[in-house]
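Every chain is numbered from 1 and lettered A, B, ... according to where its sequence line falls, protein lines coming before strand lines.
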Amino acid sequence: MRSNSITIIRGGTVQVEHTLFSGQSFVWNKSNHTPGIYSSVIDGSSVLIQQINPTSFSVTTGANNLYGIPLRRFFERYFSLDIATQMLFDEEFHTRFPELTARLLYLEGLRVLRQDPYETLVTFMCAQGIGMAMIRRQVSMLCRCFGRETKEGVNGIDTPLFSFPAPSDLAGADPELLRGCCNNNSVRAGNIREASRLVALGKLDLQALSDPSLPLSELQAELTALKGIGYKIADCIALFGMGRFDAFPIDTHVEQFLSAWFGIGSHQKGLSQKRYLHLQEKAVDLLGTSLSGYAGHHLFHCWRTTERNMKAF
DNA sequence: ATCCAGGGAACCC
DNA sequence: GGGTTCCATGGA
């Protein structure tokens, strides 16, 4: 088994090894003219990711620590280096699905990031029934219109970088401007504004909801109580923004591979709430309870790239 | 041109 | 309980 490691190269740069950077997160911007370069803003600081080879990259920032945590330790957590790919599927799975096991090998090192809960909440509220490109455009516009421009840049970043807006920034956003950032969808803009208001007021405590001891069903209930958040988006927030690797979101792609690869559910359009929970129960039954969502993301990625011939990013 | 893209909710019976 | 329609827009 490969050891997962982060190496300090120099002051503000660490090298992350045995890790695929898939651009799964909507807050990472792909460089327009330099392939393999991604940028984002974390804790107010510009951060640059540079691909070194398919399974390792360097992360550079002007800050010496993020959220008060030394760089190396922060990114060990951010990139979930405590989770090894070999932990995702057990022997029974390998035995039952040998072909699929072989196909998943190229995804060794694909990690689910531990991202900021609020960023994840808003960005996935932007992800309803539209393509990745549209979701990214909305997130990018939200940052440009309501985020803060970072003061210090990083070598290699030529475009101005904006942080993701704070809850209070979107809570008090001009409705028309916010709608323009949300694909002209006024309902979505209103939902994001209201959720941000609750977070800003402390009525929606995302840190408290991130408590790993909270039962997943309770977390689901808390998040789906918000307008604009159904089971799928709630599970995505839990998985990508709260480190709940046991949360298993089902979107159109997941519904397809559950049917095609595992015979779970038949090809059918529309996921009713009851059917969603039924399919989720079957999936967790197959993949185990603790890392089912993490494993599901590998399957999601494999399905899109090898079966549907879609781009990773 | 037609269909789909990491859904959700209001509304129908 | 389910099924249908709308929201919106860019790309294939």
(request) With P as the reference atom in both, quote the distance from dA8(C) to dC11(B) in angstrom, rounded to an integer. (result) 15 Å
(message) In this structure, how many angstroms lie between the C1' atom of dG11(C) and the CG atom of Asn183(A), rounded?
(response) 13 Å
(request) Could you pick out which residue, Ile229(A) or Gln256(A), lies toward the 5' side of DNA chain B when each is mapped onto its nearest nucleotide? (result) Gln256(A)
(message) Side chains of Ser80(A) and Tyr294(A) only: does a donor on one sit below 3.5 Å from an acceptor on the other?
(response) no
(request) Just say parallel, tilted or perpendicular for the rings of Tyr231(A) and Tyr276(A), cut-offs at 30° and 60°. (result) parallel
(request) Taking only the side-chain heavy atoms of Met134(A) (C-beta and beyond), determine which of dA8(C), dG10(C), dG6(B) contains the nearest atom. (result) dG10(C)
(request) May I have the distance from Ile250(A) (atom CD1) to dG8(B) (atom P), rounded to whole angstrom? (result) 11 Å
(message) Output the rounded distance in Å from CG (Leu223(A)) to P (dG8(B)).
(response) 12 Å
(request) Examine the side chains of Tyr106(A) and Thr305(A) and answer whether a donor and an acceptor come within less than 3.5 Å of each other. (result) yes
(request) Using a heavy-atom cut-off of under 4.0 Å over every strand shown, decide if Phe240(A) touches base, sugar-phosphate, or nothing. (result) base
(request) Ignoring backbone atoms, establish whether Arg308(A) has a side-chain N or O less than 4.0 Å from OP1 or OP2 of dA5(B). (result) yes
(message) Under 4.0 Å between a side-chain nitrogen and a carboxylate oxygen: does that hold for Arg275(A) and Glu255(A)?
(response) yes
(request) Measure the shortest side-chain to side-chain distance between Ile135(A) and Phe124(A) over non-hydrogen atoms and say whether it is less than 4.5 angstrom. (result) no
Identify the pairs formed between an N or O of the protein and an N or O of nucleotides 1-3 of chain C at a distance under 3.5 Å, and give each distance.
none

(request) Sort out the partner of dG11(C) for me: Watson-Crick or G-U wobble, both distances under 3.5 Å, none otherwise. (result) dC3(B)
(message) Mind checking if Ile233(A) touches a base, just sugar-phosphate, or nothing, with heavy atoms under 4.0 Å?
(response) sugar-phosphate
(request) Could you check how far NZ of Lys227(A) sits from C1' of dG8(B), rounded to whole Å? (result) 10 Å
(message) Under a plain distance cut-off of 3.5 Å, with no hydrogens placed, do Thr150(A) and Ser46(A) share a side-chain donor-acceptor pair?
(response) yes
(message) At 4.0 Å (heavy atoms only), tell me whether Ile135(A) reaches a base, stays on the sugar-phosphate, or touches nothing.
(response) nothing
(request) For the residue pair Ser5(A) and Glu17(A), confirm or rule out a side-chain donor-acceptor distance under 3.5 Å. (result) yes
(request) Indicate whether OP1 or OP2 belonging to dG6(B) is found under 4.0 Å from a side-chain N or O atom of Arg304(A). (result) yes
(request) Can you tell me the distance, in whole Å, between the CD1 atom of Ile130(A) and the C1' atom of dG6(B)? (result) 10 Å
(request) Could you check how far CE of Met125(A) sits from P of dC7(C), rounded to whole Å? (result) 19 Å
(message) Rounding to an integer number of angstrom, what distance separates dG11(C) and dG8(B) when you compare their C1' atoms?
(response) 23 Å
(request) State, without any angle test, whether Arg111(A) and Thr19(A) hold a side-chain donor-acceptor pair at a distance under 3.5 Å. (result) yes
(request) Considering only atom C1', compute the distance from dG6(B) to dG3(C) and round it to an integer number of Å. (result) 23 Å
(request) Provide the distance between the two P atoms, one in dC3(B) and one in dT4(C), to the nearest whole Å. (result) 16 Å
(request) Quick one: label Ala127(A) by what it contacts on the DNA or RNA (base, sugar-phosphate, nothing), any heavy atom closer than 4.0 Å. (result) sugar-phosphate
(request) Would you indicate, yes or no, if dA8(C) has its OP1 or OP2 atom less than 4.0 angstrom from a side-chain nitrogen or oxygen of Asn184(A)? (result) no
(request) State whether a side-chain donor-acceptor pair under 3.5 Å links Ser45(A) with Asp43(A). (result) no
(message) From CZ of Arg179(A) over to C1' of dC7(C), roughly how many Å is that when rounded to an integer?
(response) 12 Å
(request) Rounded off to whole Å, could you give me the CZ-to-C1' distance for the Arg136(A) and dG11(C) pair? (result) 16 Å
(message) Is the phosphate of dA8(C) approached by Ser186(A) (side-chain N or O, under 4.0 Å from OP1 or OP2)?
(response) yes
(message) Regarding Cys236(A), tell me which of base, sugar-phosphate or nothing describes its non-hydrogen contacts under 4.0 Å with the strands shown.
(response) base
